[in-house]
Number of protein chains: 4
Amino acid sequence: MVTAALAGASGYAGGEILRLLIAHPEIEIGALTAGSNAGQRLGALQPHLVPLADRVLQETTAEVLGGHDVVFLALPHGQSAAIAEQLGDDVLVVDCGADFRLRDAAAWERFYGSPHAGTWRYGLPELPGARERLRGTKRIAVPGCYPTVSLLSTVPAFAAGLVEADVVIAAASGTSGAGKALKTNLLGSEVMGSASAYGVGGVHRHTPEIAQGLAAAAGEPVTVSFTPILAPMSRGILATCTAKLRPGVTAADVRAAYEKAYADEPFVHLLAEGQWPATQMTYGANTALLQVTVDEQANRLVAVGVIDNLAKGTGGGAVQSMNIALGLDEELGLSKVGVAP
Amino acid sequence: MVTAALAGASGYAGGEILRLLIAHPEIEIGALTAGSNAGQRLGALQPHLVPLADRVLQETTAEVLGGHDVVFLALPHGQSAAIAEQLGDDVLVVDCGADFRLRDAAAWERFYGSPHAGTWRYGLPELPGARERLRGTKRIAVPGCYPTVSLLSTVPAFAAGLVEADVVIAAASGTSGAGKALKTNLLGSEVMGSASAYGVGGVHRHTPEIAQGLAAAAGEPVTVSFTPILAPMSRGILATCTAKLRPGVTAADVRAAYEKAYADEPFVHLLAEGQWPATQMTYGANTALLQVTVDEQANRLVAVGVIDNLAKGTGGGAVQSMNIALGLDEELGLSKVGVAP
Amino acid sequence: MVTAALAGASGYAGGEILRLLIAHPEIEIGALTAGSNAGQRLGALQPHLVPLADRVLQETTAEVLGGHDVVFLALPHGQSAAIAEQLGDDVLVVDCGADFRLRDAAAWERFYGSPHAGTWRYGLPELPGARERLRGTKRIAVPGCYPTVSLLSTVPAFAAGLVEADVVIAAASGTSGAGKALKTNLLGSEVMGSASAYGVGGVHRHTPEIAQGLAAAAGEPVTVSFTPILAPMSRGILATCTAKLRPGVTAADVRAAYEKAYADEPFVHLLAEGQWPATQMTYGANTALLQVTVDEQANRLVAVGVIDNLAKGTGGGAVQSMNIALGLDEELGLSKVGVAP
Amino acid sequence: MVTAALAGASGYAGGEILRLLIAHPEIEIGALTAGSNAGQRLGALQPHLVPLADRVLQETTAEVLGGHDVVFLALPHGQSAAIAEQLGDDVLVVDCGADFRLRDAAAWERFYGSPHAGTWRYGLPELPGARERLRGTKRIAVPGCYPTVSLLSTVPAFAAGLVEADVVIAAASGTSGAGKALKTNLLGSEVMGSASAYGVGGVHRHTPEIAQGLAAAAGEPVTVSFTPILAPMSRGILATCTAKLRPGVTAADVRAAYEKAYADEPFVHLLAEGQWPATQMTYGANTALLQVTVDEQANRLVAVGVIDNLAKGTGGGAVQSMNIALGLDEELGLSKVGVAP
């Protein structure tokens, strides 16, 4: 058995990692830590995690987290580096925060306002070459939820050179993506029956991460217009992505590129033609469901993808990458079946 | 008092028109008709309309609808022309369907698959020149809900020549926009906790209507990429709209154009800088709330608008245009205050 | 015109009072005050109240609130008495808090843990004799939202002696009833897709208020078992109420008692037989919709009532009682039409 | 491996059974059948069941269903008997419909209006003696969703003689409990933001099933007042249950009875004192979470329980009972961890 510790067990990302690790046949769950909630029973904070209800949260220190084979970090941005440094190089550290996702230090500093901590292997195995880079690594940067679905929805088109290097993405997310923070705009009374936009105008922190992934696929810089929408649901992201088609590209070319890209992927599925994805189809699952079409009038490719932001978008992606890094079966502990309706 | 009849009283659009007419100080509600629901008490179908609970729905015929000063048509697409022809030229006919919205007969036939019935005055008073064209008219085509919010969000930019003639719109709508039709994908179990895209790739029928409005504002054809999203809420549309900025256009230019366009409008409001709209702010109200910004990195204007699809997007827009056509105070019977939270 | 001030303008109750006062033809809205939000634009806090967006909130003091004909208090429990004392006896003070609802000082102290401030006229005009007691009064205690719907649903049965003095009420409420407080269990992510019970076992503070109203109707003490349920919606309360039938009472007796009780009430409606209320029917309206039946097997009356907790349950009830106290038309500024769907 | 067939694969109950069987390590999924949807790809109807997307639904006949070790029936009430008769006595038939739940033929006929088909072993293993009766059986009647949570919430009190034989239950359910039927009142626009009561007055078909279970526990007939509430969520039931305490019963007695009843149960959990259940805690899981208290003022026990109506309330209960009947580990294929938030 592989032992795993988790820092940040009282938040939504931490809770999702635990939900998945409980079902993972090769993982033994070790220390669970928290910040201000240290000392509390997990059952008081995450009552859905019934088998761990009596676990008591410890302080988030390297001493507590050390001595496990894997350490998951589900901490606020900027806190991972200090902990990671104290964990040995033989420990697999899986960071669900943003700290090690970007390669461009200037972009990091512009969007996060703090010094760049470095760059780890990017935990989106379905990107070209990514799976191989994850094997055996000891440091994984789990992608952001918006970048996960945005990149899965568009990379095949950019990698195949089908579209111009200028993409517009509008993505509707459930509220859990904003975490458990106590903010008025996240109250149930505010979000139910309401949709809103936020982080508009290229200021959302996931924008440079999407641009980084697309540039790698396209082999050139890609301009990204990204607008996140807060939708009245707890989980799920739906991304609508569009880019101008390059001359001569047909609908058949487009479909072929996506089919080829994901033919062997266990968790990413192009739906049958004419069927469009809904976030519910991926609720609690590690799947991404996609559809793509061509808008003849506007000469655009339009791709739509859905994931569960906490599952494939955070905890599931983390566990999948961990499986690869550890040399385990990539699918262990992960579901391909959404909890629907 | 002005007498008003309504065809299609059992549906969502019809119910919303009645909700507003009940509160209208100059309207006396006359005949109410329905299709298969003729003969039923309104209270059994629209129990929220308490003051009209004992009204019995009649058959939808010109005989029943005739003899009123105003006739609202809230019928399935394609059914308005036959009824309207039989109503005298002295009757104000307000059509909430699509039949008379488009000027381009070919576009109509391509998107609706039936012969074009004609073009009436377009009931979006905030468009340049539209209010004047509505005064005294006897035939009004109420805009679609998506075009209402999309045009209000973008026309000032196109009219001022700030952006290129190529716009990308992704809009999240509540389910009432799809009407009371009994379809599996509209069941509560399917839509709650879920977001989905539909009509993707330029095939949604509101696409040519948006293009028509933008072309009029821009003075040239505008390419429209439109992606509608079904969001888990009953009412409300949030539209995110983006287009490339023309050279030299600044954020100040953009804000000034919107401020000028809507300075005197009673129902359309540009929010204070930095505040972003949520659909809840317009729930049940005839308001449209907007915000606009510039994405420096992507060189794009991004405009976000919200309306209540049934209010400003259908019934409220219909009543507002009726007020203008009849020479009444434009604001009569219409609220500027959303029912929030 | 009657001038009105409001203390507590940044909360949900305060926002709802303003929503209604904006539409009230006899009211001129004066000073608006807040606690920690004093100094802010109302538009930043209550963006749905478009016509008041530029109002700036003042400090909650008797100086600011004085000099108006009416003062609404939408303050946390325990804060109303100190303010009210400083307002003259010629000012109509309408308290939306709990401070002056209970007659039994011991019950107050047991449930609220502070000294009893006194008892004002109870603002539920539909209770026997209540409307008369409100005329001309200068002090009104607006009922709690749960008591409003619970009493409207059951008082006719108790007043007519149809049931035993032992009632069981389970009521599902939207989250706005809990206010804008920043609590984890009120986050959208927690409440969407979820129902929970709270205040179980007779400990909810509305329990003695329900018991007080029922005892007055029954002419004897009534035992109340009250269980509130938090439902995933912003607004609305549905109360299910059941009590044992007294010997010989028939379904016809029950229906007759409710019909008689509410025959002349403008805002309370017994639905047609066989039709059951949904909270959506009252969204934003001052209506209460009821249905009642007899369970032959269990020998119980079962009454179900719905209101909008913020409208009839708070702000609407406050305005209705104000209208009566001021000698205005009781229906002024209040809607009988729900915003549905 | 055990082979399993399913009749009714296009509905919500059928979909949930498949969701669980996919994850079941000892089950091989065989024939899937449907009524009007026969001939369709499962992926078009249940797109969340990704691994089975290409399965084609067959006609529901004994020929198709025969030849498997287990046959699940997720059919409309009244259709199971005819199929079951044609399946051999060596086939385990698990009926998710109501046909074989009731022992009292007269009650069946009164509530279902058709001849009584018989009585099978009742698939609620946590009831006294039920687990033993399920071992080795070839015919299982899966309980209704409301009876599952109602009985789990109250049987310990009745079995221990703590309460009088007169219980009041109000239970809020998600819409999936009503199935995929195309009814106006189940449309998303109608249910979102709204709570309603239905089947009020003892007429809901689950009432006699609850009474049957309680009578068995109490050793005497129990009067049941049952009011179901439709809540705006896809899944989940919250039951609030109350009955008068017998003389001398203390809160400690109550807690002790529940602790004892469920101490060894893998899926039923009494929460820590003071913590109240929310349906989200059981989303997708086979768990039931309970809390119980004493209302001193009303002299009542109040028990609150939550389940996922499709999981523990239908498909999970079915799989759990199948496991027992087949002699497998009872927990196989079933989760104790809810998908939250």
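All values reported here derive from a predicted model rather than from experimental measurement.
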(message) Is D:Leu310 in contact with chain A via its backbone, its side chain, both, or neither, using a 4.5 Å heavy-atom distance?
(response) side chain
(message) Are the side chains of A:Val50 and D:Leu289 in contact, using a 4.5 Å heavy-atom criterion?
(response) yes
(message) Using heavy-atom distances under 4.5 Å, tell me whether A:Ser176 contacts chain D through its side chain, its backbone, both, or neither.
(response) side chain
(request) Measure distances from A:Ala23 to the heavy atoms of chain D and classify the residue's part below 4.5 Å as side chain, backbone, both or neither. (result) neither
(message) What I'd like to find out is whether the side chain of A:Lys336 reaches to under 4.5 Å of the side chain of D:Ile22, using heavy atoms alone.
(response) no
(request) Please examine the side chains of A:Leu49 and D:Met281, heavy atoms only from C-beta on, and report whether any two atoms are closer than 4.5 Å. (result) no
(message) I need the minimum non-hydrogen distance between D:Gln275 and A:Pro47, along with the two atoms involved.
(response) NE2-CB, 3.6 Å
(request) Output the distance between atom NE2 (D:His48) and atom OG (A:Ser335), rounded to the nearest 0.5 Å. (result) 10.0 Å
(request) Answer whether the closest heavy-atom distance between the side chains of D:Pro341 and A:Lys180 falls below 4.5 Å. (result) no
(request) Give the member of D:Met192, D:His269, D:Arg235, D:Gln280 that has the highest number of heavy-atom pairs under 4.5 Å with chain A. (result) D:Arg235
(request) List the atom of D:Gly284, the atom of A:Val339, and the distance in Å for their closest heavy-atom pair. (result) CA-CG1, 4.0 Å
(request) Return the minimal non-hydrogen interatomic distance between D:Arg41 and A:Ala272, and the atom names on each side. (result) NH1-CB, 3.9 Å
